[in-house]
4 protein chains.
Amino acid sequence: MINKRKFIAVIGGGQPSPQEAKLAEEVGHELAKRGAVLVCGGLGGVMEAACRGAQSEGGITIGILPGDNRQAANPYVQIPIVTGLGYARNIAVVKSAQAVIAIGGSYGTLSEISHALQSGIPVIGLNTWSLSRNGQQDNSIIPAQSPIEAVNKALELITEQ
Amino acid sequence: MINKRKFIAVIGGGQPSPQEAKLAEEVGHELAKRGAVLVCGGLGGVMEAACRGAQSEGGITIGILPGDNRQAANPYVQIPIVTGLGYARNIAVVKSAQAVIAIGGSYGTLSEISHALQSGIPVIGLNTWSLSRNGQQDNSIIPAQSPIEAVNKALELITEQ
Amino acid sequence: MINKRKFIAVIGGGQPSPQEAKLAEEVGHELAKRGAVLVCGGLGGVMEAACRGAQSEGGITIGILPGDNRQAANPYVQIPIVTGLGYARNIAVVKSAQAVIAIGGSYGTLSEISHALQSGIPVIGLNTWSLSRNGQQDNSIIPAQSPIEAVNKALELITEQ
Amino acid sequence: MINKRKFIAVIGGGQPSPQEAKLAEEVGHELAKRGAVLVCGGLGGVMEAACRGAQSEGGITIGILPGDNRQAANPYVQIPIVTGLGYARNIAVVKSAQAVIAIGGSYGTLSEISHALQSGIPVIGLNTWSLSRNGQQDNSIIPAQSPIEAVNKALELITEQ
């Protein structure tokens, strides 16, 4: 049963550095190997690299798209969800996951990190944002040093829900 | 490849008549038999009956939920999409499909029919709404007399997109 | 206090007939004369005509826009709300009102009618959709024969909330 | 004309410290004195304090609510916008403004900051989040030391749009 698998979102920018794209591909690959379902925003960059990695291991990939056109999904998305809701789809990306792995990214990624933390969904970070509030470090984004460590932490943090 | 399959939404109320629930189950069953992916709103009633029918044939079922909790999905949803967006999820249900089958239903279903027609997505109706505008019949909802006819029409109407 | 006034949505298409545009302008005019706040989707056609009518009487006009740009509002919108949420803004248009007046319109208008009825918000119709379900007339859309009758009915139907 | 005024969002948490509430009230007061329209999320805490401050100077206050009920608005909201869209309303709060003043706040506020920065809307911060990415400080949130400085900066940063 697919719905017994763990659903993990991979978030990050549409124009990653080559290193970020490589991290994303390895994260996707490892998630698929471990039987997790990959959720993402469905477009290019980190999203595409993660889906490509997952597909190379036969994993399931879900892309939750902002626009009106399923054709906008990257070619490695198997389940395109077409929302027509613009950036509100960012909320659905993280809420559909039980843990989130953030790789690099810009303000769109930061909005997803925020919505996840607001919803109590754990966020693991690879080369991404760090936060402080009123001058105090906020340690909610759990750092990882490698794709495998990120996937390990994401899977461990999913409590039975 | 899942994304080469046809995605069909089944929409209808949470409290269907026994006859409507039976229609929904048969529609779900037939869709799965024909290899289509079932998209729905993920909750009970027509949505649950359609998913149950699809699962009995090993089909893939996607439930796009209005709330914040994946546990709200009916037990036959394999891919729960958690939006937290309330009735705006109705828009994602129909836009994620290439054709829509409406069974009975109340005003929520009517909103989904409207959003589908506005987006140019064909709608097939079983015992559902009919529309007129300024006193003139609007024939956009394509009537079907049986679950199999509804599925046939839905699959035929999906042009290569 | 503005928030003690009655908030009424006027919904209808972007490309109305000349007669529909005239009805909308008169509805807007009458709403303003009666002290109501006009809510609409902020764009052209029926929305613009209603806002123009309201402004000619010094009324307050709110336009809830689907896109990202406040400049898309018609020139008679005083309070542009920029959602970036596409057609999900239709839901906010009707929920922000205590009664809805529908004038003509196509499927977008029908989606707004549906969301209003689903939310228990009264809908008054001028030359607009009529509905039947399973072959039985649904009389939820309250017909009016003139702009003044529509405004009268809308204001009467707002119970203290 | 209201729509010629500057629209400024004030964002921040529902449970601010007494100092943050005081800052918010002063920001609201100063915005109203300067003729700006206040946009906020319509609920309690920073949102209520800012609206109270604005109302004390006769300013216009808009509250864009997440739920289905206009009664959830704080008593100083003059224009309640009822979205029913949950946290997607955060996007509408910032997009409806030409500049944003963030006061304190938790992850919901951070999501609003992110959506504003992603949309190119300037953000001024009072005792709020600060960001770094990949170990490098991101200076997009413009710091202010006082309510008056925050309002000055917000008004200056609104270019003709």
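Protein chains get the first letters and strands the later ones, always in sequence-line order, with residue 1 at the start of each. The figures here come from the full heavy-atom set of this structure, side chains too, leaving out hydrogens, waters and symmetry mates.
Taking CZ of C:R5 as the reference point, atom CD of D:Q78 lies at 10.0 Å (rounded to 0.5 Å). Note that CZ of D:R89 is 12.0 Å distant from CG of C:L85, once rounded to the nearest 0.5 Å.
Between the side chain of D:S96 and the main chain of C:V82, a donor-acceptor pair closer than 3.5 Å is present.
Considering only heavy atoms from C-beta on, C:I79 stays 4.5 Å or farther from D:N3 through its side chain. Contact check for C:D68 versus D:K95: side-chain heavy atoms found under the 4.5 Å cut-off. Within the 4.5 Å cutoff, the side chain of C:I81 has heavy atoms near those of the D:I64 side chain.
More than 12 heavy atoms of other residues, nucleotides or ligands shown are found within 6.0 angstrom of CD on C:E57. Taking a 6.0 Å sphere around CD1 of D:I142, one finds it holds more than 12 heavy atoms contributed by other residues, nucleotides or ligands. Counting non-hydrogen atoms of neighbouring residues, nucleotides and ligands closer than 6.0 angstrom, the NZ atom of D:K153 exceeds 12 such neighbours. Heavy atoms of other residues, nucleotides or ligands lying less than 6.0 angstrom from CD of C:Q136 number 12 at most. C:I148 CD1: 12 or fewer foreign heavy atoms inside a 6.0 Å radius.
Considering every non-hydrogen atom in both C:F7 and D:R70, the closest pair reads CD1-NH2, 3.3 Å.
Of the atoms belonging to C:L65, not a single heavy atom falls under 4.5 Å from chain D. Residue C:V94 does not touch chain D at all, counting heavy-atom pairs closer than 4.5 Å. For D:V77, the part sitting under 4.5 Å from any heavy atom of chain C is the backbone (N, CA, C, O) and nothing else.
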